[in-house]
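One structure below.
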Amino acid sequence: MRRGVGRLAAAAVMALLAAGAVTGCGDEEPPDRPAAAELPTEAPVEEPAAADPVDAPADAPSEEPPGVAAMGGRPSPTASASAKPRPKPSRTSTAPLARPKPPTETRVPPAPKPPASGCKPSYKGTKASQSQVKKALTDAAARTYWPTSAPDIRIPSALMKATAWQESGWQSNIYACDTGVGLMQVMPATAEWMNQRFERSYDIDDYQDNAYLGGTYLAWLTKYIGDMYFESDYRLDASLCTSELNSCLLNAVISAYNFGHAAVAREGKPLAIPNPQYVYNVRELMTGCECLAF
């Protein structure tokens with residue numbers, strides 16, 4: 001291609017010289033440049049098209065209650081872009097503070113009610129299958145419950161499954177004498193408080209929503225106790241626990257799920273574990289529950 005264009009240009013110059021087009025060195029005009037069509041051209045480089053925005057991978061179930069992004073569904077693109085990673089805890093010790101900080105959450109759930117004596121649980125509706133329960137609990141554990149202020153709070157799947165087994169034996173349609181409902185034995189007053197606190201409308205009688213309510217309560221307890229005693233170190237990690245039950249956040253959250261936050265995290269006082277047997281049971285179920293194999 002380039003060689004053909006050179007021959008044409010040389011022929012044109014010779015023709016002009018023969019016709020007397022060149023008048024002298026000082027008045028010499030450059031020969032006409034070949035037309036643009038005659039010049040070899042490089043193929044235009046196409047700019048890569050801007051990629052369409054893609055939603056963050058969904059870690060929530062396909063059918064989720066409306067508005068869960070703010071407290072447990074996939075984070076919105078805006079929230080994801082603006083969320084800043086929390087600095088890692090700077091403490092060298094993972095033990096709880098002997099004197100806690102004032103609580104950062106001033107809106108607290110109601111105290112649990114003691115079970116009525118001589119009362120037997122009742123059942124209502126259809127019991128969800130083991131596979132349905134497993135998916136609901138796994139989805140609840142995968143949620144980001146505090147996407148803005150504490151996005152690093154995670155509820156271990158084993159903790160969700162063990163707590164549900166301890167509370168209900170994975171029976172989604174069981175109603176206890178202390179008014180506890182479903183998989184996570186959430187009390188109606190607690191569910192109402194959480195729906196108001198986080199502006200949600202979870203249905204306590206729906207086994208999926210019941211799992212979300214239980215996960216939400218565990219996440220709230222994690223933040224509440226973590227801020228007071230662990231300087232916002234929210235790791236629910238069994239490896240941080242010692243033989244002392246009040247040595248780690250995991251044990252404290254398990255205890256508070258059963259006895260209420262006020263019995264565990266007390267302003268101005270050391271962390272307390274008033275129900276050691278319950279904590280032992282759930283901790284054992286986290287590694288040895290038959291439900292983990294479902």
Side-chain angles (χ1 to χ4, degrees), residues 86-115 140-141 145-146 149-150 152-167 178 180 184-187 190 193-194 197 213-289 292:
R86 293 176 59 86
K88 292 184 178 180
S90 57
R91 298 190 305 154
T92 56
S93 172
T94 58
L97 299 174
R99 186 173 182 82
K101 295 182 178 181
T104 56
E105 283 280 305
T106 56
R107 299 168 61 182
V108 297
K113 294 181 179 180
Y145 288 94
W146 298 84
S149 58
D152 48 339
I153 288 180
R154 291 290 186 273
I155 307 301
S157 179
L159 176 58
M160 284 292 303
K161 294 175 181 178
T163 303
W165 191 264
Q166 172 69 27
E167 291 288 331
D178 62 355
M184 303 297 290
Q185 285 295 284
V186 181
M187 294 186 175
T190 304
W193 172 83
M194 282 192 287
R197 167 65 180 81
L213 283 166
T216 302
Y217 190 31
L218 287 169
W220 185 88
L221 290 169
T222 299
K223 189 172 190 304
Y224 184 83
I225 302 173
D227 286 342
M228 285 184 66
Y229 288 90
F230 295 90
E231 297 189 325
S232 302
D233 182 351
Y234 303 125
R235 289 176 293 172
L236 298 174
D237 190 343
S239 67
L240 302 177
C241 304
T242 69
S243 59
E244 298 294 330
L245 277 181
N246 65 349
S247 61
C248 61
L249 180 58
L250 174 61
N251 289 347
V253 168
I254 292 173
S255 176
Y257 190 90
N258 173 241
F259 248 52
H261 71 282
V264 176
R266 306 165 300 170
E267 292 190 50
K269 296 182 179 180
L271 193 66
I273 305 293
N275 50 349
Q277 190 57 55
Y278 182 89
V279 176
Y280 285 131
N281 290 348
V282 174
R283 285 292 307 276
E284 175 62 27
L285 289 169
M286 286 182 68
T287 56
C289 180
L292 300 177

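Atom set for the values below is all heavy atoms of this structure, side chains included, hydrogens, waters and symmetry mates excluded.
- The side-chain heavy atoms of M187 and D178, taken from C-beta on, include a pair separated by under 4.5 Å.
- At distances below 3.5 Å, at least one donor-acceptor pair connects side-chain atoms of N275 with backbone N or O atoms of S255.
- Across all non-hydrogen atoms, the minimal contact from S157 to A141 is CA-CB, 3.7 Å.
- Here the CD-CG distance, from Q166 to L285, works out to 6.0 Å after rounding to the nearest 0.5 Å.
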In sequence, state the C-alpha distance, the side-chain angles, and the governing distance for E167 and Y257, and then conclude on side chain to side chain contact (heavy atoms under 4.5 Å, CB included). CA-CA 10 Å; E167 291 288 331; Y257 190 90; 3.9 Å; yes
So E105 and D227, side chain to side chain contact (heavy atoms under 4.5 Å, CB included) or not? Walk me through it. CA-CA 9 Å; E105 283 280 305; D227 286 342; 5.8 Å; no
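- Taking each heavy atom of A263 and A272 in turn, the nearest pair found is O-CB, 3.8 Å.
- Here the side chain of S247 pairs a donor or acceptor atom with the backbone of T242 at under 3.5 angstrom.
- Between L236 atom CG and T222 atom OG1 the span is 4.0 Å, to the nearest 0.5 Å.
- Atom-to-atom distance recorded for L245:CG and R283:CZ is 8.5 Å, nearest 0.5 angstrom.
- The nearest pair of heavy atoms linking R266 to P100 is O-CG, 3.7 Å.
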Apply side chain to side chain contact (heavy atoms under 4.5 Å, CB included) to V282 and L159, showing your working. CA-CA 8 Å; V282 174; L159 176 58; 4.1 Å; yes
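- Closest approach of A265 to I225, counting heavy atoms only: CB-CG1, 4.1 Å.
- N251 contributes atom CG, which lies 12.5 Å from atom OH of Y278 (distance to the nearest 0.5 angstrom).
- From M184, atom CE reaches atom OG1 of T216 across 9.5 Å, with rounding to the nearest 0.5 Å.
- In this structure, Y234 contributes its side chain and A219 its backbone to no donor-acceptor pair below 3.5 Å.
- With a 4.5 Å cut-off on side-chain heavy atoms, W220 and M194 do not count as touching.
- S239 contributes atom OG, which lies 9.5 Å from atom CG of L250 (distance to the nearest 0.5 angstrom).
- Of all heavy-atom pairs spanning W146 and I153, the tightest one is CD1-CD1, 3.6 Å.
- Among the candidates T104, V264, V108, V253, the single residue satisfying the side chain to side chain contact (heavy atoms under 4.5 Å, CB included) test with Y224 is V108.
- Around atom CZ of R99, no more than 12 heavy atoms belonging to other residues, nucleotides or ligands sit under 6.0 Å away.
- Of all heavy-atom pairs between G214 and V186, the closest is N-CG2, 4.1 Å.
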